Amino acid sequence: MLELDALRYHAATAPEPVLRGASLRIEPGQIALVAGRSGSGKSTLLELICGLADPSQGVIRWHGKAINARQRRWLCGLVFQFPERHFLGLTVGQELRLGQRRLPSEKAEAVLQQVDLSGLSFQQAPEELSGGQQRRLAMAVQLLRDPKVLLMDEPTAGLDWSVRSEIIELIGELSRDRIVLIVTHEPELFESLTQPDQRWTLRDGQLQPALIPC
């Protein structure tokens with residue numbers, strides 16, 4: 001179980017705290033949804049969970065045990081809102097092998113199949129892929145790390161409607177063995193994936209149960 005207990009975050013350069021006591025609990029195998037307006041702190045919440053930042057106050061626990069930033073980085077995989085801006089490899093193969101120099105080709109091919117990118121050339125440049133393929137490649141990179149918690153920041157942003165539905169279906173499949181936490185300003189797109197008790201709205205720095213219009 002992933003538990004956020006009264007997280008508070010106040011960046012040194014910000015006049016007001018971004019988070020003011022945010023709390024939630026998510027069980028493995030569940031898809032959770034956090035909705036909120038742009039600037040409400042959704043991306044900051046994910047950065048805290050995955051260990052890219054530390055809360056000013058509060059605790060993050062995994063199965064009841066408090067975990068530090070380094071432990072959270074091992075536990076979590078983060079797919080950024082526009083992952084194509086974060087690609088570092090010159091080819092698909094290089095991108096998949098970042099941090100995994102000895103990655104077997106069979107394992108790379110298997111994870112591409114898992115995200116419906118079977119047959120994609122390892123020599124192709126990531127910037128030559130379509131928006132949907134780039135989003136799938138970013139998921140594949142994280143899945144190679146076998147994260148117990150997969151964090152997704154606006155996973156359908158910038159995609160056309162037909163590709164959005166494919167990505168949403170894929171997210172549902174990826175939740176079988178892990179927690180998936182989605183943050184979005186379009187919660188209606190993901191309601192079919194989530195149970196009512198796994199939906200929150202981030203408002204005024206706090207997570208409010210169930211979806212409340214933003």
Side-chain angles (χ1 to χ4, degrees), residues 2 26 28-32 42-43 45-53 62 67-184 189-190 193:
L2 176 68
I26 314 171
Q30 292 183 327
I31 300 179
K42 301 188 303 298
S43 295
L45 181 70
L46 296 188
E47 290 172 0
L48 293 173
I49 295 172
C50 74
L52 295 181
W62 178 248
I67 51 176
N68 60 31
R70 183 175 182 274
Q71 292 169 321
R72 300 198 303 273
R73 288 193 292 271
W74 281 105
L75 180 71
C76 302
L78 172 60
V79 179
F80 292 96
Q81 179 173 356
F82 295 106
E84 60 275 11
R85 300 176 183 175
H86 301 271
F87 288 149
L88 298 176
L90 298 178
T91 66
V92 168
Q94 288 182 2
E95 188 66 26
L96 290 171
R97 288 184 170 87
L98 289 173
Q100 303 197 49
R101 295 180 181 178
R102 298 183 180 180
L103 176 67
S105 296
E106 295 80 6
K107 187 174 180 180
E109 291 170 355
V111 79
L112 288 180
Q113 182 177 5
Q114 189 177 0
V115 298
D116 297 329
L117 286 179
S118 297
L120 187 66
S121 171
F122 287 1
Q123 302 306 313
Q124 190 165 355
E127 62 266 22
E128 295 176 352
L129 303 177
S130 68
Q133 288 176 320
Q134 290 175 336
R135 209 63 51 94
R136 293 172 187 274
L137 176 59
M139 292 183 194
V141 170
Q142 295 304 319
L143 290 175
L144 281 170
R145 301 177 55 247
D146 193 24
K148 302 303 181 185
V149 180
L150 184 60
L151 307 171
M152 312 201 72
D153 192 351
E154 301 281 4
T156 56
L159 302 178
D160 63 39
W161 282 103
S162 61
V163 178
R164 284 184 177 189
S165 62
E166 295 172 357
I167 294 297
I168 291 168
E169 182 178 355
L170 175 59
I171 292 171
E173 296 172 357
L174 297 180
S175 66
R176 294 172 184 169
D177 302 317
R178 59 181 56 87
I179 288 172
V180 176
L181 175 58
I182 302 165
V183 302
T184 179
L189 296 178
F190 304 95
L193 297 180

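These numbers were taken from a predicted model, which means no experiment stands behind them. The analysis underlying the following values was restricted to heavy atoms, covering all of them including side chains, and did not include hydrogens, waters or symmetry mates.
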Quiz prompt | Candidate pair Q142 and R145, rule side chain to side chain contact (heavy atoms under 4.5 Å, CB included), full reasoning | solution = CA-CA 5 Å; Q142 295 304 319; R145 301 177 55 247; 3.2 Å; yes
Can you tell me how far the [atom1] atom of [X] sits from the [atom2] atom of [Y], to the nearest 0.5 Å?
| X | Y | atom1 | atom2 | answer |
| --- | --- | --- | --- | --- |
| K148 | W62 | NZ | CH2 | 8.0 Å |
| E128 | Q133 | CD | CD | 10.5 Å |
| L143 | L174 | CG | CG | 5.5 Å |
| Q134 | F82 | CD | CZ | 11.0 Å |
| E166 | R164 | CD | CZ | 13.0 Å |
| D153 | I182 | CG | CD1 | 11.0 Å |

Exam field: side chain [X] to backbone [Y], donor-acceptor pair closer than 3.5 Å:
| X | Y | answer |
| --- | --- | --- |
| R135 | V79 | no |
| E47 | L52 | no |
| R178 | L150 | no |
| Q94 | L90 | yes |

Quiz prompt | Counterpart residues, side-chain hydrogen bond (donor to acceptor under 3.5 Å, both in side chains), relative to Q81 (two or more places apart) | solution = none
Exercise. Tell me, please, which residues at least two apart from S165 pass side-chain hydrogen bond (donor to acceptor under 3.5 Å, both in side chains).
Key: none
Quiz item: For I26 and V149, what are the C-alpha separation, side-chain angles and deciding distance, and is it a side chain to side chain contact (heavy atoms under 4.5 Å, CB included)?
Solution: CA-CA 10 Å; I26 314 171; V149 180; over 6 Å; no
Quiz prompt | Partner residues of S175 under the side-chain contact (heavy atoms from CB on, under 4.5 Å) criterion, sequence neighbours left out | solution = I31, V180
Practice problem: Could you tell me which residues satisfy side-chain contact (heavy atoms from CB on, under 4.5 Å) with R70, sequence neighbours excluded, listed by chain and number? | Solution: N68, R73, W74
Quiz prompt | Under the ring pair (Phe, Tyr, Trp, His ring centres under 6.0 Å) test, residues paired with F87 that sit two or more places apart | solution = none
Exercise. Go through I168 and L189 one step at a time and tell me if the side chain to side chain contact (heavy atoms under 4.5 Å, CB included) criterion holds.
Key: CA-CA 8 Å; I168 291 168; L189 296 178; 4.1 Å; yes
Self-check item: Closest contact, heavy atoms only, P155 versus I167
Solution: O-CG2, 4.0 Å
Self-check item: Nearest non-hydrogen partners of G132 and L159, listed with the distance
Solution: N-CD2, 3.8 Å
Which side-chain N or O atoms in residues 105-126 pair as donor and acceptor under 3.5 Å with protein atoms at least two apart or in another chain?
residue: D116; atom: OD2; partner: R136; partner atom: NH1; Å: 3.4
residue: S121; atom: OG; partner: Q123; partner atom: N; Å: 3.1

